[in-house]
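For reference, the structure discussed in these notes is given below.
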Amino acid sequence: MSEREIPEQYLEGYDRILTEVAATGRRLTRDELASRRALGEQAAEAGYGLRSLVIAHLAAARDAWPARGEDAADALAAVQQAVDAFAEGYERAQRLAVRQEEAARREFIDDLLYGRSDLGRLAERAERFGLRLSHEHAVAVARGPVAYEEGDPVPRQVERALITRFGNRSILLTTKDGRLLCIAPGHQQDVLTHFAKQAHAATDGGQVAVGRPQPGPGGVVQSYEEALNALEIAERLGMDDPVLRASDLLVYPVLARDRQAMADLVHNTLGPLTEARGGAQPLLDTLTAYFDSGCVAAEAARRLSLSVRALTYRLERIHRLTGADPGDPAHRYMLQTAVIGARLLDWPDSAAA
């Protein structure tokens, strides 16, 4: 069926209405308007285009047009009423279809990211959204200064950028808990890289984390959780890199896996810093800057807005309190690991609480 071949059922009673209006000059009745709306809904549900439907109505109006010129105004008013009611029903059906599609999409995304559905059934539903869960997939998560919902300008902007660049690849863009998500086949790292670039710009400098490619229906969940963990680690450690890759941060989950062992290391190694005047935080910041700058005192001092002499004094103070020398390679690894643990555990604030 071509686009212009509209079945007569969607014009049922239309010619009769026009004929009666031309003869009497009356307006359409409430029942007639309701019937036009119902036919508009049915046509939308059947997948016919509104443009073709309007053309069909105009063609039918031309065939039923009154011969006398004085009746033309009444006929034109009837056409306007009928087409308006028909279009209203059509748009109502479309809005309902969109809401149903959004609900199905949201339910699928929730089940996909939380693993709450049968994996076989989940894989079948995924194909509807362009994903083949038997393959590897990776997930990128972007957070910005505000929460985002589907349909907001920022997600639409990012989606347009990806569609323009990659067309209809097997990509799923969505939002979850106020963040932007991009799910793509694991071998299409260029998609995730472009998503990260566009999301960083669209969110006014937001941060993006990319999980590792993982196989199978459960792979999306694993990659998603890796990306979330990367964002959490970055927040705790004060990382401001625009793009974080979970593969580059694997050491941190390993360190945090045994929380009690990490807490013991932090307490035993850095605990004496709490006895310093002003508390442990200034000395902890000193160690953080020192290690982040590659143990270069001048660079660490610059980051802390201190003189090199003041920084050296702080390092000596740390040595005296803890018995560990930050400049000694034999002590450096233990101190640096303890500093990372302190940031992951939010120490010393968590200890005070």
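Treat the numbers as computed from the prediction; the structure is a model and nothing was measured.
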NE2 on H267 to CD on Q260, rounded to 0.5 Å: 10.5 Å
How many angstroms lie between atom CG of L344 and atom OH of Y252, to the nearest 0.5 angstrom? 8.0 Å
With a 4.5 Å cut-off on side-chain heavy-atom distances among I, L, V, M, F, W and Y, is there a chain of contacts connecting L265 to L284? yes
Identify the heavy atoms of T203 and P145 that sit nearest to each other, and give their distance. O-CD, 3.1 Å
Whether the side chain of Q207 engages the backbone of D241 through a donor-acceptor N/O pair (distance < 3.5 Å, no angle test) should be reported. yes
Min side-chain heavy-atom separation I17-T29 under 4.5 Å: no
Go through E41 and R37 one step at a time and tell me if the salt bridge (Lys or Arg N to Asp or Glu O under 4.0 Å) criterion holds. CA-CA 6 Å; E41 290 184 12; R37 295 189 188 97; over 6 Å; no
M262 and side chain to side chain contact (heavy atoms under 4.5 Å, CB included): which partner among V266, D258, D264? V266
Lys/Arg-Asp/Glu bridge criterion (N-O < 4.0 Å) met for R36, E32: no
Looking only at heavy atoms, the pair that brings Y10 and F86 closest together is O-CE1, 3.6 Å
What salt bridge (charged side-chain N to carboxylate O under 4.0 Å, His left out) pairs are there with at least one residue in residues 134-149, not counting sequence neighbours? R143-E235
So with a 6.0 Å cut-off around CZ of R27, is the heavy-atom count from everything else above 12? no
Would you please test L270 and I318 for side-chain contact (heavy atoms from CB on, under 4.5 Å) and show each step? CA-CA 9 Å; L270 303 179; I318 291 168; over 6 Å; no
Check: Q189 and P213 side chains under 4.5 Å, non-hydrogen atoms: yes
Partner set under salt bridge (Lys or Arg N to Asp or Glu O under 4.0 Å) for E299, not counting sequence neighbours: R302, R303
Can you check whether R160 reaches Q157 side chain to side chain, under 4.5 Å on heavy atoms? yes
Find out if a path of hydrophobic residues (ILVMFWY) with successive side-chain heavy-atom gaps under 4.5 Å connects I109 to V141. yes
With rounding to the nearest 0.5 Å, note down the distance linking CZ in F291 to OG1 in T337. 8.5 Å
Please confirm whether the backbone N or O of R212 pairs with a side-chain atom of S223, one donor and one acceptor, at under 3.5 Å? yes
When you measure from the side chain of H57 to the backbone N and O of L53, does any donor-acceptor pair fall under 3.5 Å? yes
In terms of heavy-atom contacts, does CZ of R320 have more than 12 from other residues, nucleotides or ligands at under 6.0 Å? yes
At what distance, to the nearest 0.5 angstrom, does OG of S305 lie from CG of L311? 11.5 Å
Is there a chain of hydrophobic side chains (I, L, V, M, F, W, Y, each step under 4.5 Å between heavy atoms) that links I183 to F108? yes
Quick one: does any side-chain atom of Q81 pair with a main-chain N or O of L28 as donor and acceptor, under 3.5 Å? yes
Compare every heavy atom of Y48 with every heavy atom of P7, then report the nearest pair and how far apart it is. CG-OH, 3.3 Å
Distance-only side-chain donor-acceptor flag, Q281 / D285, under 3.5 Å: yes
Look at the side chain of R332 and the backbone N and O of G327, then say whether any donor-acceptor pair between them is shorter than 3.5 Å. yes
With a 4.5 Å limit on heavy-atom distance, are the side chains of E232 and N229 in contact? yes
N/O donor-acceptor pair under 3.5 Å between D328 side chain and A330 backbone: yes
Of all heavy-atom pairs between V139 and V220, which one has the smallest distance, and what is that distance? CG2-O, 3.6 Å
Between L33 and V21, is there a shared hydrophobic cluster once you connect ILVMFWY residues whose side-chain heavy atoms come closer than 4.5 Å? yes
Can you tell if the side chain of D110 reaches within under 4.5 Å of the side chain of K176, non-hydrogen atoms only? yes
Check whether any side-chain heavy atom of H331 lies under 4.5 Å from a side-chain heavy atom of T322, and answer yes or no. no
Under the side-chain contact (heavy atoms from CB on, under 4.5 Å) criterion, do Y224 and L112 qualify, and how do the steps go? CA-CA 10 Å; Y224 172 63; L112 178 66; over 6 Å; no
Apply side-chain contact (heavy atoms from CB on, under 4.5 Å) to T286 and Y313, showing your working. CA-CA 11 Å; T286 300; Y313 172 79; over 6 Å; no
Are any non-hydrogen side-chain atoms of V251 and I340 less than 4.5 angstrom apart? no
For the CZ atom of R343 and the CG atom of L287, what is their distance to the nearest 0.5 Å? 10.5 Å
Would you say CD of E8 has more than 12 non-hydrogen atoms from neighbouring residues, nucleotides or ligands within 6.0 angstrom? no
Could you walk me through whether L173 and L180 satisfy the side-chain contact (heavy atoms from CB on, under 4.5 Å) test, starting with their C-alpha distance in whole Å, then the side-chain angles of each, then the deciding distance to 0.1 Å, before giving a yes or no? CA-CA 7 Å; L173 274 82; L180 307 182; over 6 Å; no
For G186, does its backbone N or O pair with a side-chain atom of H137 as donor and acceptor, under 3.5 Å? no
For P272 and L321, which heavy atoms make the closest approach, and how far apart are they? CB-O, 3.2 Å
Exceeds 12 heavy-atom contacts within 6.0 angstrom, atom CZ of R16: yes
Which atoms form the tightest heavy-atom contact between A184 and V191, and what is the distance? CB-CG1, 4.0 Å
With clusters defined by side-chain heavy atoms of hydrophobic residues (ILVMFWY) lying less than 4.5 Å apart, directly or transitively, does L76 cluster with L18? yes
Measuring from atom CE of M334 to atom OG1 of T269, what distance do you get when rounded to the nearest 0.5 angstrom? 4.5 Å
